Engineer: 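Provided herewith is a single structure, encoded as structure tokens, for subsequent inquiry.
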There are 2 protein chains.
Amino acid sequence: MLGLTTIMNRRRTKQREAILAVLGNASDHPTADQTYEEVRKQLPRISKGTVYRGLRVLEEDGVVKELSLPGTVSRFDATVRPHYHFRCDRCGRVFDLDQPVIEELDARVAKRTGYKVTHHELEFRGLCRECQWRSL
Amino acid sequence: MLGLTTIMNRRRTKQREAILAVLGNASDHPTADQTYEEVRKQLPRISKGTVYRGLRVLEEDGVVKELSLPGTVSRFDATVRPHYHFRCDRCGRVFDLDQPVIEELDARVAKRTGYKVTHHELEFRGLCRECQWRSL
DNA sequence: TTAGGTGCAAAACCTTTGCCATCCC
DNA sequence: GGGATGGCAAAGGTTTTGCACCTAA
């Protein structure tokens, strides 16, 4: 689960450049599929596989970031009361934190942006206790 | 995208109770599939569909919460510099915020938990400007 | 020349759905 | 009885992968 730095010579290709250009120009944050559709306007013969691979590569190189969470599975929580989480980047487990929720953040963002803010989700990342041993 | 409250008489069934029990006892936050495997120890004939439906129902009723993000598609961001996001619950778009990142949170959590905290992801939720009109 | 990349299609995954039998209220 | 559910299997949608053919370095 840890993003190990791959030792590999990356080649500069028009496909990956097109992907990066699309992401750079987009103000919202395109999904892989939206990126594919956009790139296709420049490179009609590009395939979905290439876009997915390209995004993955760009992310490994730190050029692009995947939002929210890696992987596609949802996780469920029986605790409904608002609280924050910690996700271990190695084992993937998610733990509850009893850190107090900072309510005033919502109002601050609302005032600055004009969005109606109902709540926020805060997730800390790193290594849990068990995985800290195993990691070195 | 907004969770409308469904008007429906919910029945109390052993399947849904088993699902809830599993979620209640788990300290990490099981995925739907992990929940299924766990429930199956009690109810070997339960189906995946029932677990998925059960989780959905429990979530609608506010008994259970789905973590992190609704939907399964990943979104990509060409801005690597740490920053927060706002996600509109109606149109699903994700916007960057220029709210300053609160660095000290990481250290605070690390001290309290013993986890090694590398960073955090903060996402505000609500309605964007456009969707506030449309919503009433 | 050659390791890394691309296209294409199939496979793998996760989640939702349709259908019909079943179970409660 | 009749609406709410469950089991099963098929369908849907997203992402990954195997493989033969390219191509940048």
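Just the heavy atoms: all of them, side chains too, but no hydrogens, waters or symmetry mates, feed the values below. Lettering follows sequence order; numbering is per chain, from 1. Predicted model, so just to flag it, every value in this text is computed and none were measured.
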Engineer: For residues 97-111 of chain A, please give each side-chain donor-acceptor pair under 3.5 Å, one per line with the distance, not counting sequence neighbours.
Structural biologist:
unit_1: A/D98; atom_1: OD1; unit_2: B/R112; atom_2: NH2; d: 3.4
unit_1: A/D106; atom_1: OD1; unit_2: A/H120; atom_2: ND1; d: 2.7

Engineer: Do side-chain atoms of A/E121 reach the backbone of B/E123 as a donor and acceptor pair under 3.5 angstrom?
Structural biologist: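 Answer holds: no.
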
Engineer: Look at A/K65 together with A/E59 and state whether they make a salt bridge at an N to O cut-off of under 4.0 Å.
Structural biologist: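 A salt bridge is absent here (no side-chain N lies under 4.0 Å from a carboxylate O).
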
Engineer: Are the side chains of B/L122 and B/H85 in touch, meaning some heavy atoms are under 4.5 Å apart?
Structural biologist: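 No, too far: nothing below the 4.5 Å cut-off.
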
Engineer: Return the set of residues passing salt bridge (Lys or Arg N to Asp or Glu O under 4.0 Å) with A/R129 (not counting sequence neighbours), or none when no residue passes.
Structural biologist: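 Checked A/R129 against salt bridge (Lys or Arg N to Asp or Glu O under 4.0 Å); zero matches.
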
Engineer: Check the phosphate of C/dG7 against A/Q15, side-chain N and O only, distance under 4.0 Å to OP1 or OP2. Yes or no?
Structural biologist: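 Yes, A/Q15 has a side-chain N/O under 4.0 Å of OP1/OP2 on C/dG7.
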
Engineer: Would you mind reporting whether B/E60 and B/R10 have side-chain heavy atoms less than 4.5 Å apart?
Structural biologist: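 They are in contact (side-chain heavy atoms under 4.5 Å apart), so the answer is yes.
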
Engineer: Would you say a side-chain N or O of A/R16 is under 4.0 Å from OP1 or OP2 of C/dT6?
Structural biologist: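 Looking at the OP1 and OP2 atoms of C/dT6, one of them is under 4.0 Å from a side-chain N or O of A/R16.
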
Engineer: Would you check if the distance from the ring center of A/F124 to the ring center of A/F86 is below 6.0 Å?
Structural biologist: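 That pair fails the under 6.0 Å test.
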
Engineer: Could you work out how much the helix from C/dT1-D/dA25 to C/dC25-D/dG1 bends, comparing the axis of its first five pairs with that of its last five, to 10°?
Structural biologist: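 It works out to 30° between the end axes.
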
Engineer: Between A/V117 and B/R125, is there a side-chain heavy-atom distance shorter than 4.5 Å?
Structural biologist: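 Counting from C-beta outward, B/R125 and A/V117 never come under 4.5 Å.
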
Engineer: Would you tabulate the nitrogen or oxygen pairs shorter than 3.5 Å linking the protein to nucleotides 8-10 of chain D?
Structural biologist:
unit_1: D/dC8; atom_1: OP1; unit_2: B/R45; atom_2: NH2; d: 2.9

Engineer: Taking OP1 and OP2 of D/dG6, is either one under 4.0 Å from a side-chain nitrogen or oxygen of B/T13?
Structural biologist: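 Yes.
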
Engineer: Can you tell me if A/Y52 touches the phosphate of D/dT15, counting only side-chain N or O atoms and a distance under 4.0 Å to OP1 or OP2?
Structural biologist: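 The answer is yes; a side-chain N or O of A/Y52 sits under 4.0 Å from OP1 or OP2.
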
Engineer: Nearest 0.5 Å please: distance from the CZ atom of B/R56 over to the CG atom of B/L58.
Structural biologist: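 Reported value, rounded in 0.5 Å steps: 10.5 Å.
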
Engineer: Between the protein and nucleotides 20-25 of chain C, list every N/O to N/O distance that falls short of 3.5 Å.
Structural biologist:
unit_1: C/dC23; atom_1: O2; unit_2: B/R11; atom_2: NH1; d: 3.0

Engineer: Report whether B/V51 and B/V57 are members of the same hydrophobic cluster (ILVMFWY, side-chain heavy atoms less than 4.5 Å apart, transitive linking).
Structural biologist: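 Looking at the clustering, B/V57 is in a separate group from B/V51.
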
Engineer: Measure from the side-chain N and O atoms of B/Q34 to the backbone N and O of B/T31, and report whether any donor-acceptor pair falls under 3.5 Å.
Structural biologist: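 Such a contact is found between B/Q34 side chain and B/T31 backbone.
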
Engineer: Does the separation of the ring centres of A/Y36 and A/Y52 fall below 6.0 angstrom?
Structural biologist: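 No.
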
Engineer: Short of 4.0 Å, heavy atom to strand atom, which residues of residues 36-44 of chain A count as contacting DNA chain C?
Structural biologist: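 Here the set is empty: none.
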
Engineer: For atom CD of A/Q42, decide whether the heavy atoms of other residues, nucleotides or ligands shown that lie under 6.0 angstrom number more than 12.
Structural biologist: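 For A/Q42, atom CD is not crowded (no more than 12 foreign heavy atoms under 6.0 Å).
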
